[in-house]
Protein chains: 2
Amino acid sequence: MQDSDPPVVETRVPGAAFGGAPTIRDVARIANVSIGTASKALNAGGRLSQETREKVLRVAREIGYRPNDLAQSLHRAKSRTIGIISNDSFGRFTFPIVEALENRLAEEGIAVFMCNATDDPARERQHLDQLLGKRIDGLVVTARRADKRPPIGPLAHGLPVVYVFSQADDPAALSLLPDDVGGAVLAVGHLSALGRKRIAHITGPEHFEAVRLRRQGYRSALSRAGLAEVDGFYRPGVWSEAWGREVAAELFARREKPDAIFCGNDQIARGAADALREMGVAVPGDVAIVGFDNWDVMALATRPPLTSIDMNLKALGREAGDSLLEMIAGRKLSGVERRPCSLVVRASSVGGGGG
Amino acid sequence: MQDSDPPVVETRVPGAAFGGAPTIRDVARIANVSIGTASKALNAGGRLSQETREKVLRVAREIGYRPNDLAQSLHRAKSRTIGIISNDSFGRFTFPIVEALENRLAEEGIAVFMCNATDDPARERQHLDQLLGKRIDGLVVTARRADKRPPIGPLAHGLPVVYVFSQADDPAALSLLPDDVGGAVLAVGHLSALGRKRIAHITGPEHFEAVRLRRQGYRSALSRAGLAEVDGFYRPGVWSEAWGREVAAELFARREKPDAIFCGNDQIARGAADALREMGVAVPGDVAIVGFDNWDVMALATRPPLTSIDMNLKALGREAGDSLLEMIAGRKLSGVERRPCSLVVRASSVGGGGG
DNA sequence: GTGAAAGCGCTAACAA
DNA sequence: TTGTTAGCGCTTTCAC
């Protein structure tokens with residue numbers, strides 16, 4: 001059976017390319033037209049008799065023809081492909097960003113190469129080389145923390161690059177970041193609007209830019225509300241529940257206790273909430289708590305559920321996609337853009353007393 | 001200076017391809033050799049004078065030449081590219097898998113297209129079309145839960161596909177999964193080896209295959225240890241901390257209390273641990289607890305830290321990469337392969353009494 | 001309305 | 001040792 005069909009096989013022999021995927025040449029031959037005609041029919045262009053067009057399309061469908069995008073790319077000098085390099089090994093923060101970005105780009109028929117560099121410059125360089133070889137039309141760089149990093153490069157001049165949740169040390173680059181200061185102002189503003197006067201701030205390590213910015217927001221919101229910054233109420237440390245528990249316990253062993261805590265992330269907030277509950281302090285009755293990140297798995301599991309600041313990472317990712325598309329279309333974009341966070345109110349700041 | 005070099009510019013005019021990236025033609029022209037010679041030099045092949053080779057390489061380096069991988073692919077009929085379609089929007093479980101896979105493939109110089117289908121068959125189809133157009137050499141399909149799914153297709157015949165943390169309803173397909181039964185046996189075996197006799201199982205919804213398999217492991221480990229399955233000790237429900245708290249409280253209101261709990265995931269385990277601590281039951285003194293997933297953020301934050309079952313997702317991802325590479329090389333692989341889990345012991349099952 | 005051919009960037013077979 | 005050329009799959013211009 002198999003051996004009785006040499007002629008057909010023969011026509012595909014000098015190539016047998018790409019696992020035998022049919023080419024436009026196959027379509028043309030079977031439909032009995034020239035390659036040019038087949039191309040015109042498939043691309044819905046040029047003048048062509050209805051009959052021929054349909055014949056070609058039918059054949060194409062029947063043999064499962066699908067244009068080879070690599071060949072097309074070669075011709076149009078655009079790969080319709082972009083790369084994304086992450087140093088977060090695509091963790092909790094990068095995920096939503098990358099997902100939204102991929103969605104946006106998929107809408108335009110652009111495919112995304114995913115590369116994980118895990119903070120290793122050598123790996124990053126290697127990935128970049130590969131991507132440049134693949135002639136990506138653009139690049140997105142993302143990271144675990146939004147601190148400054150050396151810019152990507154040197155690379156094919158004019159390759160559009162967007163840094164998101166990551167900041168290049170290069171004024172000509174475009175960086176998209178959440179507005180940490182504004183997020184903190186939102187949190188503290190919410191608490192002061194609820195009548196809280198003694199607001200503490202438990203947060204992560206100060207070498208994170210986010211920690212410094214959120215503190216700045218904390219301070220400016222306090223002064224805007226006419227509140228004093230109590231000595232010992234600002235507590236940088238680590239991003240863990242244990243730290244939240246520890247500081248909360250300590251603050252409530254003081255004479256001057258806070259009536260609200262703004263936490264640098266949801267884990268700290270959860271730790272604080274746990275410690276307070278166990279000490280018999282009512283949340284939000286005695287103390288209101290606001291977290292940061294709005295990480296559902298933490299915020300919802302906390303008792304009571306956490307009011308938190310959402311960095312709107314999906315929106316950030318989508319905008320990164322928009323910006324990259326614009327840059328690919330030729331626009332020059334640069335600067336550090338900070339996008340607003342939002343406040344998600346739950347029971348840890350308002351509602352039935354609790355504890 | 002710049003304007004004094006018009007001829008060079010001119011040579012690149014009919015094309016200006018790919019953002020002006022230099023081509024091998026540019027290298028050849030500047031090095032004053034033929035294209036064929038340049039190619040030989042760059043590919044370290046054929047016989048060529050040392051001198052010429054070096055000259056070519058130097059020019060290539062100077063003008064920043066990087067071979068166009070699309071053109072190479074076209075020629076060699078391999079794209080050195082694979083696709084990965086996820087229905088987990090790359091969440092907690094898929095991510096370690098994808099990361100390890102990407103690492104493995106990067107070692108071979110293969111790039112990975114990332115596609116998120118989010119359980120929408122239309123989006124999946126669309127992504128698949130795009131990937132096939134890009135002539136990927138292979139495909140990996142991954143999902144949020146390891147339940148059976150309709151196989152991908154129809155697609156270019158012979159495209160290697162590996163399902164990981166996902167199972168195709170097709171005996172000819174290769175699926176790589178964690179061994180849930182074995183994981184449960186490990187957990188319950190650990191508890192019974194510690195002398196626990198009354199082991200309860202709080203877990204997620206029964207429509208998850210993982211729940212059914214883990215229960216099976218639970219039962220077989222009980223009987224292997226000569227322990228009875230106490231009525232009401234098997235508690236399917238939902239994957240939440242609240243469920244863990246609820247059931248734990250309930251079990252300890254009974255006359256016949258368990259002396260160990262094997263939980264279907266770490267969230268349930270954490271809920272149980274919290275409830276018990278608040279009831280004054282000592283963990284692991286009175287009750288030992290084992291979770292499942294070894295999700296660090298949960299397992300480590302629990303008081304006491306959770307003993308848990310690790311599905312070794314990174315190893316699974318790496319193996320998926322190995323398998324895909326083999327299939328690309330021509331081997332046919334199929335069947336449902338389950339890979340062992342491991343037990344990670346922490347203080348919730350052994351150690352200082354606690355509570 | 002249709003076909004022929006050049007060219008996208010590269011490799012490999014064959015000439016010189 | 002080096003150059004020439006065909007061809008990978010596709011689009012597009014230009015003849016017919």
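We name chains A, B, ... by the order of the sequence lines, and we start the count at 1 in each one. Every heavy atom of this structure was used, including side-chain atoms; hydrogens, water molecules and symmetry mates were not. Here the structure is a predicted model, which is why all the values come from computation and not from measurement.
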Rounded interatomic separation in angstrom, taking CZ from A:Phe18 and C1' from D:dG7: 13 Å
Contact residues, residues 35-44 of chain A to DNA chain D [heavy atom, < 4.0 Å]: A:Ile35, A:Gly36, A:Ser39, A:Asn43
Sequence neighbours excluded - salt bridge (Lys or Arg N to Asp or Glu O under 4.0 Å) pairs with any residue from residues 32-42 of chain B: none
Between C:dT2 (P) and A:Glu54 (CD): distance, integer Å: 12 Å
Residues in side chain to side chain contact (heavy atoms under 4.5 Å, CB included) contact with A:Ser334, at least two apart in sequence or another chain: none
Aromatic plane relationship, B:Phe93 with B:Phe165 - under 30° parallel, 30 to 60° tilted, over 60° perpendicular: parallel
Test ring-ring contact (aromatic ring centres under 6.0 Å, His included) applied to A:Tyr65 - qualifying residues, sequence neighbours left out: none
Spacing between A:Asn68 atom CG and D:dG7 atom P, to the nearest angstrom: 18 Å
Of the listed nucleotides D:dT12, D:dC8, C:dC10, the one nearest the side chain of A:His75: D:dT12
Value in whole Å for how far the P atom of C:dC8 lies from CG of B:Asp69: 19 Å
Protein-nucleotide distance (B:Arg76, atom CZ; D:dG7, atom P), rounded to Å: 20 Å
B:Asp129-B:Gln126 side chain donor-acceptor pair, cut-off 3.5 Å: no
Distance below 4.0 Å between B:Gln72 side-chain N/O and C:dG9 OP1 or OP2: no
Single hit among A:Leu128, A:Asp170, A:Leu159 for side-chain contact (heavy atoms from CB on, under 4.5 Å) with A:Ile152: A:Leu128
A:Arg80 CZ to A:Ile328 CD1 distance, which is reported to the nearest 0.5 Å: 8.5 Å
Atom-pair distance (CZ on B:Arg80; C1' on C:dC10), nearest Å: 16 Å
Charged N-O contact under 4.0 Å between B:Arg104 and B:Glu99: no
Degree of bending in the helix from C:dG1-D:dC16 to C:dA16-D:dT1 once both end axes are built from five pairs, to 10°: 60°
Spacing between A:Leu70 atom CG and C:dC10 atom C1', to the nearest angstrom: 13 Å
Short side-chain N/O contact to C:dG9 OP1/OP2 from B:Thr23, under 4.0 Å: no
Distance in angstrom units between A:Leu74 CG and C:dA6 C1', rounded: 14 Å
Residues which pass salt bridge (charged side-chain N to carboxylate O under 4.0 Å, His left out) with A:Asp169, listed by chain and number, not counting sequence neighbours: none
Proximity to the side chain of A:Pro67 - top-ranked nucleotide from C:dG1, D:dC10, D:dT2: D:dC10
N or O in side chain of B:Ser73 less than 4.0 angstrom from D:dC8 OP1/OP2: no
